[in-house]
Number of protein chains: 2
Amino acid sequence: MKDNSEKKHAFPNCSIRHILDRFGDKWSILIISILGHVGKQRFNELNQQIGDISQKMLTVTLRSLEADGLVSRKLYPEIPPRVEYELTDLGRSLLPHIEQLALWAEKNMECILANRAKYAQKKVG
Amino acid sequence: MKDNSEKKHAFPNCSIRHILDRFGDKWSILIISILGHVGKQRFNELNQQIGDISQKMLTVTLRSLEADGLVSRKLYPEIPPRVEYELTDLGRSLLPHIEQLALWAEKNMECILANRAKYAQKKVG
DNA sequence: AATAATACTTACCTCGAGGTAACTGGCGAA
DNA sequence: TTCGCCAGTTACCTCGAGGTAAGTATTATT
């Protein structure tokens with residue numbers, strides 16, 4: 001009997017791990033927060049806003065956000081084509097929590113970087 | 001004149017990207033949340049709590065959290081050695097925001113998974 | 001003399017997230 | 001007839017996060 005089941009982790013880890021699994025990638029959270037700030041955006045607008053994302057990852061990330069129901073995609077069958085992305089209600093409900101984190105980062109990132117520098121010093125000196 | 005500077009991204013992206021850079025890895029947030037729940041923990045206790053982390057990544061992650069000043073490390077020079085990890089005030093200040101996210105996940109993850117399944121269906125059918 | 005216990009460290013390897021660059025389709029403009 | 005626009009798609013490649021397994025130091029125990 002190899003009981004490699006039912007004992008993994010008893011904590012609210014579950015939801016945290018879900019969060020990390022789905023939003024721990026490089027672009028999802030950023031895109032959500034941009035759409036939250038500026039509202040509707042077209043593909044190339046997002047591309048320019050972010051600046052250093054590849055077309056491939058922009059489509060991949062948008063598709064997965066769409067699949068999760070966090071972002072809506074509206075295609076206008078014109079030529080050249082126009083596509084508009086926008087947060088859904090679900091996506092919008094996530095925004096405030098992200099912004100809390102961002103706020104925390106703004107307040108504390110300097111301190112963290114200072115700590116890290118000090119720690120690196122200790123290792124050397 | 002190649003002006004590849006000063007135009008990257010004008011948004012509060014900055015703090016969000018900082019967050020993702022430092023906490024977007026597989027274990028940091030989880031360890032912070034565990035230490036937040038149970039308080040002081042020894043190395044092997046953490047190892048067992050998490051269940052599926054490797055020793056290597058546990059040390060690596062703890063070191064980086066320590067370097068950032070989010071977690072404190074107390075070594076008791078006994079034999080065999082004893083080490084206790086605990087959140088610092090800075091680490092503790094991050095907790096509520098993480099828990100907000102976790103709460104959001106608990107409420108909405110089911111919906112997200114349902115959306116994803118429906119989306120996959122559409123692709124097939 | 002061998003084993004156990006703790007908290008690692010080290011060498012080695014895998015795998016997939018993400019990047020790059022070129023191509024697509026349909027139309028209008030030069 | 002070739003180019004440009006928009007929103008992708010595709011093939012290919014890199015690189016590093018993270019896993020595995022074995023080794024380290026020290027002492028007490030059997």
Side-chain angles (χ1 to χ4, degrees), chain A residues 2 4 8-9 13 16-17 19-31 34-35 40-68 71-86 119 122-123, chain B residues 4 8-9 13 16-17 19-32 34-35 40-68 71-86 119 122-123:
Chain A
K2 46 186 183 116
N4 52 357
K8 299 212 152 189
H9 31 69
N13 300 1
I16 288 166
R17 301 181 86 145
I19 290 266
L20 290 169
D21 282 356
R22 307 272 157 187
F23 303 106
D25 68 308
K26 197 172 175 185
W27 302 114
S28 294
I29 296 279
L30 182 58
I31 289 176
I34 289 180
L35 290 179
K40 250 187 257 282
Q41 285 279 101
R42 301 180 58 177
F43 185 89
N44 278 346
E45 288 172 338
L46 278 171
N47 200 348
Q48 287 160 29
Q49 292 263 359
I50 299 175
D52 57 346
I53 192 175
S54 63
Q55 281 193 331
K56 177 194 164 190
M57 284 315 296
L58 184 50
T59 55
V60 166
T61 307
L62 285 170
R63 287 289 177 281
S64 79
L65 290 173
E66 192 198 354
D68 286 354
V71 162
S72 71
R73 176 179 189 272
K74 272 176 204 154
L75 163 66
Y76 299 83
E78 312 164 355
I79 294 207
R82 179 160 58 102
V83 178
E84 285 180 349
Y85 293 95
E86 193 176 8
Y119 187 88
K122 274 206 312 186
K123 289 248 131 179
Chain B
N4 52 358
K8 299 215 153 187
H9 32 69
N13 299 2
I16 289 167
R17 301 181 86 145
I19 290 265
L20 289 170
D21 282 357
R22 306 273 157 187
F23 302 107
D25 69 309
K26 196 171 175 185
W27 302 114
S28 294
I29 297 279
L30 182 58
I31 289 176
I32 289 175
I34 289 180
L35 289 178
K40 251 186 256 283
Q41 285 279 100
R42 301 181 59 177
F43 185 88
N44 279 346
E45 288 172 339
L46 278 171
N47 200 348
Q48 288 160 28
Q49 293 263 359
I50 300 175
D52 57 347
I53 193 176
S54 64
Q55 281 193 331
K56 177 193 164 192
M57 286 315 296
L58 183 51
T59 55
V60 166
T61 308
L62 285 170
R63 287 289 177 280
S64 80
L65 290 173
E66 191 198 354
D68 285 355
V71 161
S72 70
R73 176 179 190 272
K74 271 176 205 154
L75 164 67
Y76 298 83
E78 313 163 354
I79 293 207
R82 179 161 57 104
V83 180
E84 284 179 350
Y85 294 95
E86 193 176 9
Y119 187 88
K122 273 206 311 185
K123 290 248 133 181

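Order of the sequence lines fixes the chain letters, A, B, ..., with proteins taken first and strands second; residue numbering starts at 1 for each chain.
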Whole-Å distance separating the CD atom of A:Q55 from the P atom of D:dT10: 14 Å
Distance below 4.0 Å between A:R73 side-chain N/O and D:dA7 OP1 or OP2: no
A:N44, nearest nucleotide to its side chain (from D:dT26, D:dG18, D:dC6): D:dC6
Lys/Arg N to Asp/Glu carboxylate O, B:E84 vs B:K74, below 4.0 Å: no
Atom-pair distance (NZ on B:K56; C1' on D:dT24), nearest Å: 18 Å
Interatomic distance, B:E45 CD vs C:dA7 C1' [rounded to whole Å]: 13 Å
Whole angstrom value for the distance that separates C1' of C:dA17 from CG of A:L58: 16 Å
Closest approach of A:I50 to A:W27 (non-hydrogen atoms, all atoms of both residues): CG2-CZ3, 3.5 Å
Out of C:dG19, C:dG26, D:dG8, whichever nucleotide has its closest atom nearest the side chain of A:W27: C:dG19
Sugar-phosphate only, base, or nothing, as touched by B:D25 at under 4.0 Å among non-hydrogen atoms: sugar-phosphate
From D:dT27, C:dC8, C:dG18, nucleotide with atom closest to A:M57 side chain: C:dG18
N/O (side chain, A:R42) to phosphate O (OP1/OP2, D:dA7) under 4.0 Å: yes
B:T61 (side chain) donor-acceptor with B:L58 (main chain) under 3.5 angstrom: no
Interatomic distance where CZ belongs to B:R82 and C1' belongs to C:dC8 [whole Å]: 17 Å
Options C:dT6, D:dG8, C:dC8, nucleotide nearest the side-chain atoms of B:P81: C:dT6
Options D:dG19, D:dA11, D:dT26, nucleotide nearest the side-chain atoms of B:S54: D:dG19
Shortest non-hydrogen separation from B:F23 to A:L20 and the atoms involved: O-CD2, 4.1 Å
Whole angstrom value for the distance that separates P of C:dA17 from CG of A:D21: 11 Å
Side chain A:K26 and base C:dG18 donor-acceptor under 3.5 Å: no
A:P80, nearest nucleotide to its side chain (from C:dG26, D:dG8, C:dT6): C:dG26
Protein-nucleotide distance (A:N47, atom CG; D:dC6, atom P), rounded to Å: 11 Å
Closest heavy-atom pair and its distance - B:Q55, B:N47: CG-ND2, 3.7 Å
Atom-pair distance (CD on A:E78; C1' on D:dA7), nearest Å: 13 Å
Sugar-phosphate, base or nothing in reach of A:Y76, heavy atoms under 4.0 Å: nothing
